[in-house]
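Lettering of chains follows the sequences in order, A, B, ..., and the numbering in each one begins at 1.
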Amino acid sequence: MPELPEVEVLRRSLIPRLLGRRIVEVEVSNPALREKVDGARLAAAAAGRRIVGLGRRAKYLLVDLEGDHSLVVHLGMSGRLTVVAGGAPREKHEHVAFHLDDGARLRFRDPRRFGLVLALPTAGLLADRRFAGLGPEPLAGGLTGETLSRAAGRRRGAVKSFLLDGRVVAGVGNIYACEALHRAGIHPRRSVARIAARRWTRLADAVRATLEAAIAQGGTTLNDFTDGAGASGYFQVSLAVYDRAGEPCPRCGKPVRRIVQTGRSTFYCGGCQR
DNA sequence: CGGGCGGCCTGGAGGC
DNA sequence: TGCCTCCAGGCCGCCC
């Protein structure tokens with residue numbers, strides 16, 4: 001379940017393996033991802049081009065190519081992007097492969113096919129409809145209590161759902177929304193209309209701290225995530241509440257509870273989240 | 001326009 | 001052992 005930290009860990013792990021490499025061939029085995037993969041367009045954008053940068057916006061990995069195009073990769077739920085030896089056999093669910101000039105292969109594997117691989121013009125990339133409505137990058141200085149408070153505006157919904165809204169803040173998914181609320185001591189069902197300035201600041205700080213801690217530990221590997229070399233993260237051992245229903249809260253010892261909000265699981269501590 | 005919800009998709013887990 | 005159901009959830013589109 002790759003969220004911002006996992007994509008950031010992936011990005012950093014790919015830099016030494018991809019930067020300066022030339023893509024020699026693009027192979028699409030199954031175009032049926034979230035958006036149909038346009039193999040001809042991918043090849044036109046990437047074949048013969050060097051990789052000159054690796055960026056990230058929200059949960060999207062941005063591969064900057066020489067020329068005027070970038071590759072945009074989203075891991076969805078179960079996507080993995082890894083660099084493997086050129087002779088490695090094609091894996092099940094390996095839908096897209098980029099063959100590199102050093103003989104290696106950049107493999108995109110995604111059993112659930114919620115992911116995305118496409119090429120877009122680099123100029124104005126972030127103005128693309130997929131990025132245009134996104135909220136601030138939480139680790140780029142754009143996330144403050146005031147940002148959150150202003151985004152809340154006249155909204156009245158639960159703060160957990162609010163944090164999951166990419167227009168509010170980019171890159172926060174279910175795991176880190178739960179963890180950040182726990183860190184901030186805020187109940188996931190609390191209405192955003194009933195959060196004071198001081199608590200917005202605490203929440204913004206908690207979101208940043210949670211994401212940074214997860215990146216420092218290589219991300220969270222519950223089922224699928226690995227970095228570009230195939231290595232798992234280990235933040236899952238640091239999760240305070242996520243997927244820990246019934247276990248004691250690491251802060252106050254009361255049992256962690258599971259509820260469902262807008263169709264997805266929320267984990268929190270009824271003792272220290274108010 | 002905010003917000004809720006279904007659909008997409010497969011593998012793994014759990015029940016019987 | 002095998003079959004069934006459910007669940008994981010990012011994102012989009014539809015609806016009220």
Side-chain angles (χ1 to χ4, degrees), chain A residues 1-10 29-37 56-62 72-81 91-96 108-118 120 128-135 137-138 148-181 188-195 207 211 214 219-226 232-233 235-236 239 241-246 256 258-268:
Chain A
M1 20 210 91
E3 303 181 26
L4 185 153
E6 288 71 39
V7 181
E8 181 61 21
V9 166
L10 172 67
S29 309
N30 180 4
L33 303 183
R34 192 173 93 215
E35 289 180 36
K36 190 174 182 218
V37 178
R56 180 189 56 74
R57 175 74 171 112
K59 299 165 191 164
Y60 292 88
L61 182 75
L62 309 174
V72 175
V73 179
H74 195 291
L75 300 179
M77 271 298 297
S78 58
R80 277 194 199 184
L81 197 61
E91 275 190 334
K92 193 178 180 186
H93 306 302
E94 180 176 342
H95 307 310
V96 183
F108 180 79
R109 176 181 185 272
D110 183 10
R112 273 169 262 189
R113 290 192 273 125
F114 281 14
L116 185 72
V117 180
L118 65 141
L120 289 175
D128 181 82
R129 64 175 170 84
R130 295 168 187 83
F131 310 113
L134 288 174
E137 278 296 321
L148 290 176
S149 172
R150 205 178 317 124
R154 300 192 192 288
R155 292 171 70 154
R156 298 198 313 278
V159 63
K160 158 77 180 330
S161 309
F162 177 75
L163 277 185
L164 286 179
D165 186 338
R167 296 167 298 182
V168 172
V169 54
V172 177
N174 204 37
I175 294 175
Y176 297 111
C178 292
E179 292 296 310
L181 286 169
R189 281 203 171 121
R190 177 170 283 272
S191 164
V192 297
R194 295 183 55 245
I195 294 182
V207 168
L211 297 176
T220 299
T221 300
L222 288 177
N223 296 310
D224 300 299
F225 173 72
T226 68
S232 296
F235 189 68
Q236 61 273 17
L239 294 174
V241 290
Y242 184 82
D243 207 19
R244 294 204 187 279
V256 171
R258 175 186 179 274
I259 57 175
V260 175
Q261 290 179 282
T262 55
R264 40 191 53 144
S265 291
T266 297
F267 299 89
Y268 72 101

Protein-nucleotide distance (A:Arg56, atom CZ; C:dG10, atom P), rounded to Å: 15 Å
A:Asp110 side chain near A:His95 side chain, heavy-atom distance below 4.5 Å: yes
With sequence neighbours excluded, residues passing salt bridge (charged side-chain N to carboxylate O under 4.0 Å, His left out) with A:Arg150: A:Glu146
Per-nucleotide protein contact string for nucleotides 11-16 of chain C (B base, S sugar-phosphate only, - none; heavy atom under 4.0 Å): BS----
N or O in side chain of A:His93 less than 4.0 angstrom from B:dC9 OP1/OP2: no
Contacting residues from residues 149-168 of chain A, given that a heavy atom lies under 4.0 angstrom of DNA chain C: none
Contact check, side chains of A:Leu81 and A:Arg109, non-hydrogen atoms, under 4.5 Å: no
Spatial distance of atom CZ (A:Arg112) from atom CE (A:Met77) [nearest 0.5 Å]: 4.5 Å
Partner set under salt bridge (charged side-chain N to carboxylate O under 4.0 Å, His left out) for A:Arg129, not counting sequence neighbours: A:Glu35
Partner residues of A:Asp243 under the salt bridge (charged side-chain N to carboxylate O under 4.0 Å, His left out) criterion, sequence neighbours left out: none
Rounded distance in Å - CE (A:Met77) to C1' (C:dG10): 8 Å
Atom-to-atom span, CZ of A:Arg112 to C1' of B:dT10 - whole angstrom: 6 Å
A:Ser265 side chain near C:dA8 phosphate (N/O to OP1/OP2, under 4.0 Å): yes
A:Thr262 vs A:Lys160 side-chain heavy atoms within contact, under 4.5 Å: no
Rounded to 10 degrees, the angle between the two terminal axes of the helix from B:dG2-C:dC16 to B:dC16-C:dG2, each from five pairs: 50°
Flag, side chain of A:Glu3 to backbone of A:Gly173, donor-acceptor distance under 3.5 Å: yes
Interatomic distance, A:Leu75 CG vs B:dC9 P [rounded to whole Å]: 19 Å
Value in whole Å for how far the P atom of B:dC9 lies from CG of A:Leu116: 15 Å
Atom-to-atom span, CG of A:Asp110 to C1' of B:dC9 - whole angstrom: 9 Å
Heavy-atom side-chain contact between A:Arg56 and A:Glu137 under 4.5 Å: yes
Geometric class of the A:Phe235/A:Tyr176 ring pair [parallel <30°, tilted 30-60°, perpendicular >60°]: tilted
Minimum side-chain heavy-atom gap A:Phe108-A:Val73 below 4.5 Å: yes
Between C1' of B:dC8 and CG of A:Asn30, the distance in whole Å: 14 Å
For atom CD of A:Gln261 and atom P of C:dC7, their distance in whole Å: 17 Å
